[in-house]
Amino acid sequence: MTPTIGVLALQGDVREHLAALERVGAAGRSVRREAELDGLHGIVLPGGESTTMDKLMRAFGLRDPLRAALGAGLPAYGSCAGMILLADRVLDGPADQETLGGIDMTVRRNAFGRQVASFEGDVEMAGVAGGPLHGVFIRAPWVEDVGPAVEVLARVEEGEAAGRIVAVRQGSLLATSFHPEMTGDGRVHELFVRIVKERQT
Ligand code: GLN
């Protein structure tokens, strides 16, 4: 059965995620209102600005329903700002920044510093076969620490940040620091669709 996967569409690179989902055989749906969560098999939280998304989620009355949906087991994939939204703990955010949470991890916002705020590099990711992904990092977070239930899927391979965690999974929640939706490589979305289907059956 074709899964229907939402993309939180308050801000950020929504179109690219919808296109990537369609390419790997899911039906995509923009989500701006609570009612649009109905019947979803999974949801993507896109890149953008996590503080802005936090404010908009509250303003649109989406934050609590989303938290409830994740709490009830709705699979989610967060890229970049979306990774921050799935983190239980955030460093270097404003004091009033809240997340949806769900992944037992601490993320550091804009972690790669000013000099290398945006960069690209190869990333080997567990669960993604066929060679390294082309990782596009844009003012990206990294994962500072993870709890025991979190599977580390990828780390930065070279340079000053070598060893930093940039992809994780906890149950049916998946998160990457980088933006696979910008590369035309559908393998991370494919992995997410597999996670969604595992829950459907
Ligand atoms: N720096 C952004 C934040 O903290 C994330 C950037 C991105 O999603 N490309 O939300």
Side-chain angles (χ1 to χ4, degrees), residues 5-21 28 30-32 42-60 62-63 66-67 70 76-123 125 133-146 153-156 159-161 164-169 173-189 191-192:
I5 299 185
V7 179
L8 182 66
L10 301 177
Q11 192 238 6
D13 55 346
V14 176
R15 251 186 332 173
E16 290 82 352
H17 277 291
L18 287 170
L21 289 167
S30 305
V31 174
R32 269 188 214 89
I43 189 159
V44 171
L45 309 172
E49 182 55 49
S50 58
T51 52
T52 307
M53 283 201 252
D54 174 31
K55 288 193 191 113
L56 290 172
M57 279 190 300
R58 299 189 213 192
F60 279 66
L62 261 176
R63 189 189 52 175
L66 259 172
R67 271 192 186 152
L70 297 181
Y77 165 45
S79 68
C80 203
M83 171 188 252
I84 297 169
L85 296 183
L86 287 176
D88 283 347
R89 298 168 297 278
V90 182
L91 298 173
D92 293 345
D96 65 343
Q97 179 169 10
E98 285 188 26
T99 67
L100 299 169
I103 301 183
D104 181 10
M105 64 177 171
T106 306
V107 297
R108 186 177 292 282
R109 292 182 63 223
N110 304 326
F112 292 90
R114 223 174 265 154
Q115 303 252 299
V116 282
S118 299
F119 64 100
E120 302 186 9
D122 282 357
V123 181
M125 182 163 159
L133 292 157
H134 185 67
V136 177
F137 295 81
I138 304 169
R139 292 170 37 79
W142 69 39
V143 180
E144 194 92 8
D145 62 57
V146 296
L153 302 181
R155 294 176 186 269
V156 175
E160 266 175 55
R164 293 295 184 176
I165 300 167
V166 290
V168 294
R169 175 176 177 181
L173 303 178
L174 178 71
T176 63
S177 301
F178 51 89
H179 290 271
E181 74 284 1
M182 289 183 173
T183 63
D185 183 337
R187 287 179 292 163
V188 175
H189 291 81
L191 170 61
F192 181 53

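Since we're looking at a predicted model, the values are computed, not measured. Ligands are counted one by one from 1 in listed order, and the atoms in each one are counted from 1 as well.
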Inset, instruction - Check the pair Thr183, Phe178 against side-chain contact (heavy atoms from CB on, under 4.5 Å), reporting the backbone distance first and the verdict last. - result: CA-CA 10 Å; Thr183 63; Phe178 51 89; over 6 Å; no

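Remark: Arg139 CZ is loosely packed, at most 12 non-hydrogen atoms of other residues, nucleotides or ligands lying under 6.0 Å away.
Within the structure, no pair that satisfies the salt bridge (charged side-chain N to carboxylate O under 4.0 Å, His left out) test touches residues 5-19, not counting sequence neighbours.
Asp88 contributes a side-chain N or O that, together with a main-chain N or O of Gly102, makes up a donor-acceptor pair within less than 3.5 Å.
The side chain to side chain contact (heavy atoms under 4.5 Å, CB included) search around Ala161 returns Phe112, Trp142, Val156, Arg164, not counting sequence neighbours. Considering only residues two or more places apart in sequence or on other chains, His189 meets the ring-ring contact (aromatic ring centres under 6.0 Å, His included) condition with His17, Tyr77.
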Is there any protein N/O under 3.5 Å from an N/O of ligand 1, and what does the full list of such pairs look like?
unit_1   : atom_1 : unit_2 : atom_2 : d
ligand 1 : 1 (N)  : Asn110 : OD1    : 2.6
ligand 1 : 1 (N)  : Arg139 : O      : 2.9
ligand 1 : 4 (O)  : Ser50  : OG     : 3.4
ligand 1 : 4 (O)  : Arg109 : NE     : 2.7
ligand 1 : 4 (O)  : Arg109 : NH2    : 3.0
ligand 1 : 8 (O)  : Gly48  : N      : 2.9
ligand 1 : 8 (O)  : Gly48  : O      : 3.1
ligand 1 : 8 (O)  : Ala81  : N      : 3.0
ligand 1 : 9 (N)  : Ile138 : O      : 3.0
ligand 1 : 9 (N)  : His179 : NE2    : 3.0
ligand 1 : 10 (O) : Ser50  : N      : 2.5
ligand 1 : 10 (O) : Ser50  : OG     : 2.8

